[in-house]
Every structure is written in structure tokens, then in C-alpha cells.
Undergrad: 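Have a look at the structure that comes next, please.
Read the numbers this way: they start at 1 and go in the same order the structure lists the ligands and their atoms. Count residues from 1 along the sequence. The analysis underlying the following values was restricted to heavy atoms, covering all of them including side chains, and did not include hydrogens, waters or symmetry mates.
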Amino acid sequence: MDYLKPILKNGKAMILAYDHGFEHGPVEFGEQNWDPDFILDIAAQGGYTAVALQPGIAEKYWKEGGWAGKIPLILKLNGKTNLWKGNDYFSGQHTSVDFAKKIGASAVGYTIYLGSESESRMISEFGAIREQAHNKGIAAVAWIYPRGEFIANDTAPEIIEYAARAGLEIGADIVKIKYSNPESFKRAVQVAGKTRVVLSGGHKITFEEFKTVVSNVVEAGAAGIAVGRNIWQNDDPVGASIELKKIIWM
Ligand code: FBP
């Protein structure tokens with residue numbers, strides 16, 4: 001079954017991520033981008049194939065605010081704040097696949113901190129989520145971020161390639177990974193096999209730099225991008241999105 005059909009266009013993905021208010025706190029926001037409706041409008045006008053949200057925003061804005069028919073939803077089922085500063089990285093499930101299905105999500109998302117002390121708990125939660133999602137006919141997207149005391153550099157080529165391969169092995173339909181370099185990203189896409197790869201953006205860089213990264217990722221054979229700050233922290237988020245769209249569907 002093609003679980004990804006609702007969130008891809010011609011096999012490509014352009015996903016707007018907006019869970020930072022929870023993951024990083026409102027410190028990421030300025031005058032307008034704290035407002036979920038402002039972001040959902042960028043997603044609709046910018047031609048995104050999906051938006052990735054935590055359940056509160058999904059229910060109160062995406063669903064109740066009338067965005068549901070305009071832009072597909074990837075509902076995040078786990079997440080954590082950055083207030084905990086301990087050595088372990090764990091992000092537990094707080095929302096169900098049933099809820100995702102009930103509000104009309106096209107896919108569920110889950111973050112795994114590969115290499116952390118708690119990786120097996122997250123791998124196991126993701127496994128159950130993937131089975132439930134596929135039973136209900138929706139896709140399971142894995143954010144795979146290697147992290148923890150044994151990960152010296154979370155964007156080292158071999159680490160990014162490992163994250164991509166892990167995505168395939170645990171059955172993710174899409175794996176969202178950070179950028180390494182052009183050659184390594186090609187290898188990451190290769191070893192991810194039939195699991196589609198999308199770029200996770202990172203903190204804001206210049207738009208010229210970001211476009212180069214996106215071009216490299218597309219050239220590497222990735223499905224596309226699932227990014228946040230480099231779009232909605234841009235002064236012209238819709239204009240930036242339209243430029244990226246051209247690169248992704250070139
Ligand atoms: P960005 O493109 O802004 O990096 O967003 C992608 C994302 O995965 C978000 O979904 C998430 O909130 C954030 O990155 C987490 O980043 P980190 O764990 O590196 O702080």
C-alpha cells in the first residue's frame with residue numbers, strides 16, 4: 001500500500017515543521033510566527049505537501065480553524081522540551097494513532113534519539129506506532145536524530161548514514177535526518193533504500209546557503225525537505241517557499 005500518497009506530490013515532499021514552541025520554547029518566535037494560523041497560511045500559500053504539528057495546534061488550529069482540507073497533517077506523537085539538561089535523551093509518546101486518525105492526519109511522526117541510553121524505548125514505541133498507523137492506512141515518519149554521550153558529532157557522515165539506514169530497518173515510510181555533506185547524503189539516501197529521505201533543516205542560515213543545501217539534498221535523490229526555522233524565520237517565508245519549490249520539483 002502506498003501510505004505516502006497523501007503527503008507527496010509527484011514523489012516529492014515539502015513539509016513545514018512547526019513543533020518548535022514545544023521543543024525549543026517561544027524563544028524561536030518573533031512578532032508573527034508565534035501564531036499557528038500565520039504558519040498554516042505559509043504552508044497553504046507555499047505549496048507544502050504537509051505540515052508537521054503537535055496535537056494541541058493540530059486540533060485547535062489545523063482542524064478547528066479550517067486548514068484541514070487545505071494542507072495534509074503529519075501529527076507528532078512524541079516530543080519533549082529542552083528544559084531537561086541531563087545526559088539521557090528520551091522523548092516519550094504522548095498522543096495516539098487513534099487520535100491522529102480521528103482528527104484526519106495523513107501520517108504520524110515520532111522522534112528517535114538513536115544512540116541514546118533510551119533508544120530502545122523509543123524504537124519500541126515507534127514499532128508499535130508504525131504497526132497501528134499502517135493498520136489504519138497512514139504513514140509513519142521517523143525523525144532520527146543520533147544523540148547522547150557516545151555521539152560526538154551528530155552530523156558526521158557515518159552517523160547520518162546510520163540514521164538513514166535505521167529508518168529503513170525499523171520500517172519508517174519517511175526518515176527525516178540532518179544534513180552531513182553532498183556525498184554522505186547520497187550514501188544516506190542509498191542505504192535508506194525504499195524508505196524515503198527528507199532533510200531536517202536546523203537553525204537558520206542564510207537563504208543562499210540553505211538553497212545550496214536543499215539542491216544538494218535533491219541531487220542526492222532525497223524525497224525533499226521537512227524544515228521549519230529556515231522558512232518561518234525568513235522575512236519572506238512564502239517567497240522563500242516558492243523558490244524552494246522550484247528546486248524540489250525542478
Ligand atoms: P528545523 O528545520 O527548524 O530544524 O525543524 C526541524 C525539527 O526536526 C523540528 O521538527 C524540531 O522541533 C526541531 O527540528 C528539533 O531540533 P533539535 O532537536 O535539533 O533542537
Undergrad: Can a donor-acceptor pair be found, under 3.5 Å and without considering hydrogens, that links the side chain of K12 to the backbone of I248?
TA: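 Looks like yes, one N/O pair under 3.5 Å.
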Undergrad: With respect to N230, determine whether any N or O atom, backbone or side chain, lies less than 3.5 Å from an N or O atom of ligand 1.
TA: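 Checking ligand 1 against N230, no N or O pair falls under 3.5 Å apart.
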Undergrad: Please classify the H203 to ligand 1 contact at 4.0 Å (heavy-atom distances, strictly less than): side chain, backbone, both or neither.
TA: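 No part of H203 comes within reach of ligand 1.
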Undergrad: What protein heavy atom sits nearest atom 16 (O) of ligand 1, and how far away is it?
TA: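 Nearest neighbour among protein heavy atoms for atom 16 (O) of ligand 1, to 0.1 Å: H24 NE2, 3.4 Å.
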Undergrad: Does I177 reach the side chain of L199, with side-chain heavy atoms less than 4.5 Å apart?
TA: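 Answer no - side chains too far apart.
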Undergrad: Flag A226 as yes when one of its N or O atoms lies below 3.5 Å from any N or O atom of ligand 1, and as no otherwise.
TA: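 A226 vs ligand 1: no N/O contact under 3.5 Å.
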Undergrad: Tell me, which protein residue and heavy-atom name are nearest atom 18 (O) of ligand 1, and how many Å apart are they?
TA: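 Here the closest protein heavy atom is R147 NH1, 2.8 Å.
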Undergrad: Under 4.0 Å, counting heavy atoms only: does E28 come that close to any atom of ligand 1?
TA: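 No, E28 has no heavy atom closer than 4.0 Å to ligand 1.
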Undergrad: Just wondering, do T95 and L75 contact through their side chains at under 4.5 Å, heavy atoms?
TA: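 A side-chain contact under 4.5 Å exists here.
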Undergrad: Does the side chain of Q233 reach to within under 4.5 Å of the side chain of N33, using non-hydrogen atoms?
TA: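 Q233 reaches N33 side chain to side chain.
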Undergrad: Among all protein heavy atoms, pick out the one at the shortest distance from atom 19 (O) of ligand 1; state its residue, atom name and that distance to 0.1 Å.
TA: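 Here the closest protein heavy atom is K178 NZ, 2.6 Å.
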Undergrad: Looking at W249, I want to see if its CH2 is surrounded by more than 12 non-hydrogen atoms of other residues, nucleotides or ligands under 6.0 Å.
TA: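 Counting other residues, nucleotides and ligands, CH2 of W249 exceeds 12 neighbours.
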Undergrad: Has ligand 1 got any nitrogen or oxygen that is less than 3.5 angstrom from a nitrogen or oxygen of A17?
TA: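 Between A17 and ligand 1 (N or O atoms, distance only) the closest approach is not under 3.5 Å.
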Undergrad: Are the aromatic rings of F29 and Y18 close, with centres under 6.0 Å apart?
TA: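 Yes: the rings meet the under 6.0 Å criterion.
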Undergrad: Is it the case that over 12 heavy atoms from other parts of the model lie below 6.0 angstrom from the OH atom of Y61?
TA: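 No.
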Undergrad: Suppose we measure from atom 11 (C) of ligand 1 to each protein heavy atom; which comes out shortest, and what is that distance?
TA: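 Protein heavy atom with the smallest distance to atom 11 (C) of ligand 1: D19 OD1, 3.1 Å.
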Undergrad: Tell me whether K76 reaches ligand 1 (any heavy atom closer than 4.0 angstrom to a ligand atom).
TA: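 For ligand 1, residue contact (heavy atoms, under 4.0 Å) with K76 is absent.
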Undergrad: Specify the protein heavy atom at minimum distance from atom 14 (O) of ligand 1: its residue, its atom name, and the distance to 0.1 Å.
TA: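 Sorting protein heavy atoms by distance from atom 14 (O) of ligand 1 puts Y145 OH, 3.8 Å first.
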Undergrad: Please determine if V227 has a nitrogen or oxygen closer than 3.5 Å to a nitrogen or oxygen of ligand 1.
TA: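 No, there is no polar N/O contact under 3.5 Å.
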Undergrad: Between F90 and Y113 (judged by ring centroids, cut-off 6.0 Å), do the two rings come close enough to count as a pair?
TA: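 No; Y113 has its ring centre 6.0 Å or more from that of F90.
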Undergrad: What pairs meet the ring pair (Phe, Tyr, Trp, His ring centres under 6.0 Å) rule with one or both residues in residues 186-206, with sequence neighbours excluded?
TA: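 Listed once each, the pairs would be none.
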Undergrad: Write out the residue and atom name of the closest protein heavy atom to atom 6 (C) of ligand 1, then the distance separating them to 0.1 Å.
TA: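 Heavy-atom neighbour on the protein nearest atom 6 (C) of ligand 1: K176 NZ, 3.1 Å.
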Undergrad: Which residue and non-hydrogen atom of the protein lie closest to atom 5 (O) of ligand 1, and at what distance in Å?
TA: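 The answer is H20 NE2, 3.0 Å.
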